Amino acid sequence: MSRRLLPGVAARADLPSGLLDRLVAIAVAGAGAGADRAAVRELVWALCDRGDLGAERARALAAANPDTAVLLARSGLLSPADVDPAARLQATLAVLEEGSGRPEWARLTAASPDREVRWRLASCPGLPTDVAEALAADPDPGVAAEFALWTADPAVAARLATHPDAEVRSAAALNECTPPGVLAALVTGEGLPPARSCPVCRRGEAPAPDESPARARCSGAHESAVHDTLERAARNPATPAAVAAGLAGHPSVLVRWALAERADLPQEAYERLGADPAPAVRRTVAGNPAIGEPLIRALAACRDDADVLRAVARHPRLPLDVLADVASAVRIGPVLLPSIAAAAPDDLARAAASAPAAVRMLIAERHDLPAPLRDALAGDADAAVAKAAAPHPGLSGQQLRAMVARHGVQVCARVAANPGAPADLLEELARRDPPARRALRAIAVHPNATLPALLACLEDARARKDAAAHPALPAAVVAGLLGHPHPEVAWAAAGHPALPAAAVERLVAEAERAGPAGRAPG
């Protein structure tokens, strides 16, 4: 059992250096033996998360397992001096992807016959000029395309936009470093030589039965790759807005959908997209911060599309009078809307005084309201409104009790989430029968939770992990949780600051005696 608790031990903030060394030794021994691989993997991950692991321990873990070497390289715990590119190719690539590899590694990797290796290298930052040129000229268009997608050199991106393969051009169309004039040419085709190949004609295969013609077709004009180029250029903010706006009437819904995400189009283009036959396009326009109030109001009046209305509701410049109409027409859910977050408190107070419950609920989701408005919403007769107001930090224990008495289980979870909820109220909520399960999850992380409340939380499947880590648990209870059948509870107990140092030492010693295979010697 002790071995499965080691990830929790490895996560302890107060772990002495000597115990950390012993945990690393256990992980290294287990990596190469027929041990419980899952337990060893969890231990390694916990060790790699430590800020005090250090270079020497990191090298020991990396030498024991190639996957661990990759993890450590990505986290920056392995320096270039700790990586052998000949023996640890994946770790080498991971260091290069973090931008900290040596130039000779990039050159060695760029010469690899493995296409996948070169493809991964193509997305790495800070490559030497000669490596960048080699990747741009790679005989595999997929590698060149990956490089066209990531290069930060506008001149290289512009050159790749004229590549003979349409896949490479399509990648350059998405790169924001590609010059605007070149992106315009990719949209219009003016001044570009015709592409000679694309992924479809390179394969020489007919599209699969479930592939749409727009996505996998080539009759010699590389239709699918050209389509992808337009879609990507429409989305790219570096494409001139005037050129992109010309795609508002494109027959492909994917192109129009990408265009609807842009924040720099003329209002006329947004109006056209707002009337698009495709719901996805209209929904995207409805949530675009760049659209003006007339279009916001027009979209809010379209009551036959609930998704569009929800997108309008989340618009940062939605007028409050429009919100009242939208909230009455569609369920928005418990969320702080940008328009409410930005509104003046006086405007919200006026709106709440005459608005329907659906709008009062949305106003109550803002938890920095003036006290009079806060108190009015907390005492609202509608349970949804009171529930939204319940986590407000200014509410008193008396107000929270009144909420529970009036609305019952409907508000328990949000009351338990209130930072000022008193300990005795949390105990009462934890002991409710039947249990208020969502309230238990809030109680398990509440700083005012007491031992009786936490013991109730430990019985709940979704609250027990947090309850087991709560600082209010005494040492005796924590020690008893070490044998809990659920690993996440046992790990939390093993990492709990109340667990005595002698118990932590005993767990490590038991794991050492069990040996790499995880069994005590006979």
Side-chain angles (χ1 to χ4, degrees), residues 1-65 67-69 71-72 74-75 77-78 444-445 451 454-455 457-458 463-521:
M1 182 188 74
S2 58
R3 181 179 292 276
R4 77 182 183 106
L5 298 176
L6 294 184
V9 175
R12 295 182 66 90
D14 61 348
L15 193 66
S17 177
L19 280 184
L20 180 56
D21 289 335
R22 291 161 65 184
L23 289 175
V24 169
I26 291 171
V28 169
D36 182 346
R37 295 300 176 89
V40 172
R41 183 172 61 249
E42 296 287 353
L43 172 59
V44 168
W45 287 345
L47 289 169
C48 291
D49 280 341
R50 294 191 64 90
D52 60 348
L53 184 63
E56 184 175 349
R57 299 185 186 104
R59 283 194 294 269
L61 290 170
N65 186 282
D67 293 336
T68 303
L71 178 63
L72 291 165
R74 291 194 187 283
S75 62
L77 290 171
L78 287 183
V445 296
L451 178 58
L454 292 172
L455 291 176
C457 294
L458 287 169
R464 58 192 174 208
K465 175 185 175 182
D466 290 324
H470 199 285
L473 289 182
V477 174
V478 172
L481 293 175
L482 292 175
H484 200 280
H486 294 278
E488 70 273 13
V489 175
W491 291 347
H496 199 288
L499 189 67
V504 177
E505 161 69 31
R506 185 165 58 252
L507 291 174
V508 176
E510 288 175 359
E512 289 171 328
R513 288 195 299 272
R519 296 184 301 272

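Note that the structure is a prediction, hence the values are computed from the model and not measured.
L72 and A62 make their closest contact through CD1-N, 3.8 Å (heavy atoms, listed as atom of the first residue, atom of the second, distance). Between L454 and A467 the shortest heavy-atom distance is O-CB, 4.1 Å. Scanning all heavy atoms of the two residues, the minimum distance from A463 to A444 falls at O-CB, 3.5 Å.
P471 is linked by a side-chain contact (heavy atoms from CB on, under 4.5 Å) to nothing, counting only residues two or more places apart in sequence or in another chain. Checked against side-chain contact (heavy atoms from CB on, under 4.5 Å), D52 has the following partners two or more places apart in sequence or in another chain: L20, R50. The side-chain hydrogen bond (donor to acceptor under 3.5 Å, both in side chains) search around R59 returns D82, not counting sequence neighbours. Evaluation of the side-chain hydrogen bond (donor to acceptor under 3.5 Å, both in side chains) rule for D21 yields R57 as partners, not counting sequence neighbours.
The distance from the CG atom of L5 to the NE2 atom of H484 is 12.5 Å, given to the nearest 0.5 Å. We find the CG-CG distance between L71 and L78 to be 9.5 Å, quoted to the nearest 0.5 Å.
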* To do: Check the pair L15, L23 against side-chain contact (heavy atoms from CB on, under 4.5 Å), reporting the backbone distance first and the verdict last.
  => CA-CA 10 Å; L15 193 66; L23 289 175; 3.6 Å; yes
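Between L481 and L458 the shortest side-chain heavy-atom distance falls below 4.5 Å. Taking 4.5 Å as the limit, some side-chain heavy atom of L61 sits within range of a side-chain heavy atom of L53. Side-chain contact between L43 and I26 is present, with heavy atoms from C-beta onward closer than 4.5 Å.
Under the salt bridge (Lys or Arg N to Asp or Glu O under 4.0 Å) criterion, no residue pair touches residues 465-486, with sequence neighbours excluded.
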Considering only distance and modelled atom types, tabulate donor-acceptor pairs under 3.5 Å from the side chains of residues 487-504, sequence neighbours left out.
unit_1 : atom_1 : unit_2 : atom_2 : d
W491   : NE1    : R4     : O      : 2.4
H496   : ND1    : A498   : N      : 2.9
H496   : NE2    : H470   : O      : 2.6

